[in-house]
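We count residues from 1, following the sequence as given.
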Amino acid sequence: PTGTVPRRRPPRSDMGRGLTLLLLPLALLAAPAQAEGGAAAAEEVKIEVLHLPEVCSPRSKKGDLLNAHYDGFLASDGSKFYCSRTQNEGHPKWFVLGVGQVIKGLDIAMMNMCPGEKRKVIIPPSLAYGQQGYAQGKIPPNATLIFEIELYAVNKGPRSVEAFHQIDKDSDKKLSELEISQYLKEEFARDGKNRHPSVHDEILADIFKKNDHDGDGFISAKEYNVYQHDEL
């Protein structure tokens, strides 16, 4: 994600979908990416567009909620270390672009991309897992990574002003448990997947645990908003 693809415990299938991303910064293939010295400045992500739809809109930007499938390979020997189609019952991955939920190289590689577009990208170590590597993901130190990406959707991101106002029904510039509970119910209904009722309660509790920093029972605009330039 400063890192960016999962280094913490992997999200459950229900908590890894877009609806929970509307409130929680969850990881998809997240890990630390720390460049040494000025290495990052000298290295770039190389992008090859494999397919571009005739109608290429909207194009992705920082803060957008993306839905994509991707495969990850080690450039050294071509071995595959990650395949989104074998995770989460094969569902495409949801994540917010540009906020550190995936490695920095992927945040860069997927900017200005539109639904239906396919890219092959080469990411240097300084924009991936760096000198430390990522043992859990079978990525050695100083590894250059290759990703093949297919983007399905570009939606307004979860931490935007619009999203906050959508949840804040009474316009008091803070989100109550009732407001977020109702929003989750609407998102569950829109998602159309059957879930045990306990999933709603678990996600709601997790949202407040991670976002209600002062413990007052509300998520304020400041606690919610991850974008410094947004105004509420």
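- In this structure, a donor-acceptor pair under 3.5 Å is absent between the side chains of S171 and H165.
- Remark: A109 engages V45, V121 in a side chain to side chain contact (heavy atoms under 4.5 Å, CB included) (not counting sequence neighbours).
- With hydrogens and angles disregarded, a donor-acceptor distance shorter than 3.5 Å links the side chain of D214 to the backbone of D216.
- In terms of modelled atom types and a separation under 3.5 Å, the side chain of D212 and the main chain of I219 share no donor-acceptor contact.
- Applying the disulfide (SG to SG under 2.5 Å) test to residues at least two apart or on different chains, none of the pairs has a partner in residues 59-101.
- Under the salt bridge (Lys or Arg N to Asp or Glu O under 4.0 Å) criterion, the residue pairs touching residues 112-138 are E117-R119, with sequence neighbours excluded.
- Residues passing the salt bridge (Lys or Arg N to Asp or Glu O under 4.0 Å) test with E150, sequence neighbours excluded: R85.
- In this structure a side-chain-to-backbone donor-acceptor pair under 3.5 Å is missing from H69 to E148.
- Listed by chain and residue number, D71 satisfy the salt bridge (Lys or Arg N to Asp or Glu O under 4.0 Å) test with K80 (two or more places apart in sequence, or in another chain).
- Applying the disulfide (SG to SG under 2.5 Å) definition to pairs two or more places apart or across chains, those involving residues 98-141 are C56-C114.
- Using cut-offs of 30° and 60° for the angle between ring planes, the Y134 and Y129 rings count as parallel.
- A 4.5 Å side-chain heavy-atom check between M113 and I149 finds at least one atom pair inside the cut-off.
- Between I207 and I180 the shortest side-chain heavy-atom distance falls below 4.5 Å.
- Among N155, L65, D64, the one residue that satisfies the side chain to side chain contact (heavy atoms under 4.5 Å, CB included) test with V96 is L65.
- Under the 4.5 Å side-chain criterion, counting only non-hydrogen atoms from C-beta, P115 is in contact with P58.
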